[in-house]
Novice: 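One structure, as structure tokens, below. Some questions next.
Just so you know, these numbers use all the heavy atoms, side chains as well, and skip hydrogens, waters and symmetry mates. All values reported here derive from a predicted model rather than from experimental measurement. Residue numbering restarts at 1 for every chain, and letters A, B, ... go by the order of the sequence lines.
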Number of protein chains: 2
Amino acid sequence: MFNKETEYALRSMVYIQAQNLKGRKPGVEEIAGATEAPRHFTAKILHRLARSGFLLSSKGKGGGFFIDREKPSVSILDVVKEVEGQKIFSGCVFGLKNCSNEHPCPLHSRYVSIRESLGEMLSTETILSLAMKYPAYQ
Amino acid sequence: MFNKETEYALRSMVYIQAQNLKGRKPGVEEIAGATEAPRHFTAKILHRLARSGFLLSSKGKGGGFFIDREKPSVSILDVVKEVEGQKIFSGCVFGLKNCSNEHPCPLHSRYVSIRESLGEMLSTETILSLAMKYPAYQ
DNA sequence: TTATTAAATGACCTTTTTGTCATTTATTCA
DNA sequence: TGAATAAATGACAAAAAGGTCATTTAATAA
């Protein structure tokens with residue numbers, strides 16, 4: 001479905017959110033372990049998410065990653081768009097550059113409704129909503 | 001959605017089928033041109049599809065690729081499975097190794113129905129059904 | 001103020017995907 | 001038969017994705 005970087009980003013953020021809810025700020029080591037993702041690659045991704053405003057971090061003892069409690073929780077789609085761009089919505093099963101209602105590929109009409117369902121799911125679920133319903137990270 | 005190889009394979013097969021319906025057997029050059037795919041990569045993919053029984057070919061003057069008229073047309077899913085394996089059905093939005101009803105990721109329940117819709121589309125549409133309704137390749 | 005902890009940073013490496021090319025083999029037709 | 005045509009084959013190369021590592025910077029606490 002998504003590339004590895006996006007998957008790790010989603011799992012990391014959900015794990016961080018779940019831990020934040022318990023008053024904890026997990027570090028890279030813990031996050032990578034809990035989400036079963038490569039340690040260093042996870043560090044790179046977390047850094048990226050922090051630079052783009054999806055995460056906050058603190059250095060030094062007791063430091064780690066956390067999510068701004070003031071802002072409303074970001075949607076899964078927001079994270080996906082940040083990490084791998086808009087391609088979910090422009091993606092065509094047939095691989096056409098500009099597949100649209102005007103120039104549809106032969107699967108277009110059937111695919112649009114599926115893509116809309118996907119978009120609906122990804123934009124209504126948030127990091128917080130997933131953190132609250134995923135016991136494995138709590 | 002799919003990788004490049006799969007996209008080129010689908011477009012090539014639909015183009016070949018559409019041309020076959022007009023009594024023609026297109027060659028690599030023509031197929032790559034019509035489907036806007038790289039010439040040599042297309043040749044490699046066509047060869048692969050021929051070896052795995054999805055295409056027939058003839059060498060020499062007047063030669064080219066064609067699809068067995070005796071067999072029922074293969075589904076889009078058949079082609080996808082051949083080129084990139086089963087991963088469409090095991091794919092988890094969250095990237096979990098064994099995401100299932102028993103061990104669901106937090107998006108599992110919402111995603112399964114979307115994946116089923118996708119599977120339904122890909123298994124009911126065939127190379128022939130697409131060839132017949134895609135004027136661009138006729 | 002120094003040792004410790006943990007994130008920040010950037011260079012680098014590996015694997016997979018994507019794409020190219022030269023040569024060989026088979027077929028057709030004059 | 002031999003010239004032309006077109007697929008078969010396998011080696012190679014480029015680009016993108018995935019992943020690692022060493023060093024630096026910042027914060028904390030003894």
Side-chain angles (χ1 to χ4, degrees), chain A residues 1-13 15-16 19-20 24-67 80 82-85 87 95 97, chain B residues 1-13 15-16 19-20 24-68 80 82-85 87 91 95 97:
Chain A
M1 172 87 247
F2 298 126
N3 62 32
K4 294 292 180 191
E5 190 171 2
T6 303
E7 291 176 357
Y8 297 153
L10 290 174
R11 298 215 296 270
S12 288
M13 290 200 64
Y15 180 76
I16 292 165
Q19 293 304 308
N20 286 178
R24 302 186 66 252
K25 277 191 291 184
V28 170
E29 198 79 47
E30 176 183 335
I31 296 166
T35 61
E36 296 179 273
R39 160 88 176 69
H40 297 287
F41 197 20
T42 297
K44 182 189 252 181
I45 293 166
L46 292 174
H47 175 225
R48 178 177 173 185
L49 291 169
R51 298 240 299 185
S52 53
F54 285 85
L55 287 177
L56 297 174
S57 66
S58 58
K59 290 183 175 184
K61 182 148 192 179
F65 292 88
F66 56 104
I67 291 172
V80 171
E82 164 62 27
V83 179
E84 62 183 43
K87 62 180 164 185
K97 273 281 191 301
Chain B
M1 175 85 248
F2 298 125
N3 63 32
K4 293 292 179 190
E5 190 171 2
T6 303
E7 291 176 357
Y8 297 154
L10 290 174
R11 299 215 295 270
S12 288
M13 288 199 66
Y15 180 76
I16 292 165
Q19 292 305 308
N20 286 178
R24 302 187 64 253
K25 278 191 292 184
V28 170
E29 197 79 48
E30 176 183 334
I31 297 166
T35 61
E36 296 180 272
R39 160 88 174 68
H40 297 287
F41 198 19
T42 298
K44 181 189 253 182
I45 293 166
L46 292 175
H47 175 224
R48 177 177 173 185
L49 291 169
R51 296 241 299 186
S52 52
F54 285 84
L55 286 178
L56 296 174
S57 65
S58 58
K59 291 182 174 182
K61 181 146 193 180
F65 292 89
F66 57 103
I67 292 171
D68 192 339
V80 171
E82 164 63 27
V83 179
E84 64 183 41
K87 62 181 165 185
K97 272 283 189 302

Novice: Atom CZ of B:Phe65 and atom P of D:dT5: how far apart are they, to the nearest Å?
Specialist: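 Rounded to the whole Å, the gap is 18 Å.
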Novice: I'd like to know if the side chain of B:Asn20 and the backbone of B:Arg24 have a donor-acceptor N/O pair within less than 3.5 Å.
Specialist: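 Pair found, side chain donor or acceptor close to backbone of B:Arg24.
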Novice: D:dG19 C1' sits how many Å from A:Glu7 CD, rounded?
Specialist: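 Going from CD in A:Glu7 over to C1' in D:dG19 covers 15 Å.
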Novice: Tell me: NZ of A:Lys44 to P of D:dT20, nearest whole Å?
Specialist: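 Computing the A:Lys44:NZ to D:dT20:P distance gives 10 Å.
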Novice: Hey, is the main chain of B:Ile45 close enough, under 3.5 Å, to the side chain of B:Glu5 for a donor-acceptor pair?
Specialist: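 Absent.
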Novice: Could you pick out which residue, A:Gly60 or A:Pro38, lies toward the 5' side of DNA chain D when each is mapped onto its nearest nucleotide?
Specialist: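 Its nucleotide being nearer the 5' end, the pick is A:Pro38.
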Novice: Any side-chain N or O of A:Arg39 under 4.0 Å from OP1/OP2 of D:dC21?
Specialist: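 A:Arg39 to D:dC21 OP1/OP2: no side-chain N or O under 4.0 Å.
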Novice: Taking OP1 and OP2 of C:dG19, is either one under 4.0 Å from a side-chain nitrogen or oxygen of B:Tyr8?
Specialist: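 Indeed, a polar side-chain atom of B:Tyr8 lies that close.
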Novice: Between B:Leu49 (CG) and D:dA8 (P), how many Å, whole number?
Specialist: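 It works out to 11 Å between those atoms.
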Novice: In whole angstrom, what separates B:Ile16's CD1 from D:dA6's C1'?
Specialist: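 It works out to 14 Å between those atoms.
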Novice: Specify the separation, in whole Å, of atom NE2 of B:His40 and atom C1' of D:dC12.
Specialist: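 From B:His40 NE2 to D:dC12 C1': 13 Å.
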Novice: Without swapping roles, check the side chain of A:Thr6 against the backbone of A:Phe2 for a donor-acceptor pair under 3.5 Å.
Specialist: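 No, because the side chain of A:Thr6 does not come within donor-acceptor range (under 3.5 Å) of the backbone of A:Phe2.
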Novice: Is any N or O donor-acceptor pair between the side chain of A:Lys4 and the base of D:dG19 shorter than 3.5 Å?
Specialist: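 Side chain to base: no pair present.
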Novice: Could you give the CD-to-C1' distance, from A:Glu30 to C:dA7, as a whole number of Å?
Specialist: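 Atom-to-atom, A:Glu30 to C:dA7, this comes out as 15 Å.
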Novice: Does B:Arg39 use its side chain to pair, donor to acceptor, with the backbone of B:Ala32 at less than 3.5 Å?
Specialist: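 Side chain of B:Arg39 to backbone of B:Ala32: no pair is present.
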Novice: With the side chain of A:Lys61 defined as its heavy atoms from C-beta on, choose the nearest nucleotide among D:dA8, D:dT28, C:dA7.
Specialist: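 Nearest listed nucleotide: D:dT28.
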Novice: So, does A:Ser58 get its side chain near the phosphate of C:dA7, meaning an N or O under 4.0 Å from OP1 or OP2?
Specialist: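 No, no such contact exists.
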Novice: Are more than 12 heavy atoms from other residues, nucleotides or ligands located less than 6.0 Å from atom NZ of A:Lys4?
Specialist: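 Counting other residues, nucleotides and ligands, NZ of A:Lys4 stays at 12 neighbours or fewer.
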Novice: Send over the distance from B:His47 NE2 to C:dT20 P, rounded to a whole Å.
Specialist: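 Going from B:His47 (NE2) to C:dT20 (P), I get 18 Å.
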Novice: Could a donor-acceptor pair under 3.5 angstrom be found where the side chain of A:Lys59 meets the base of D:dT25?
Specialist: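 By the distance-only test, yes, there is a pair.
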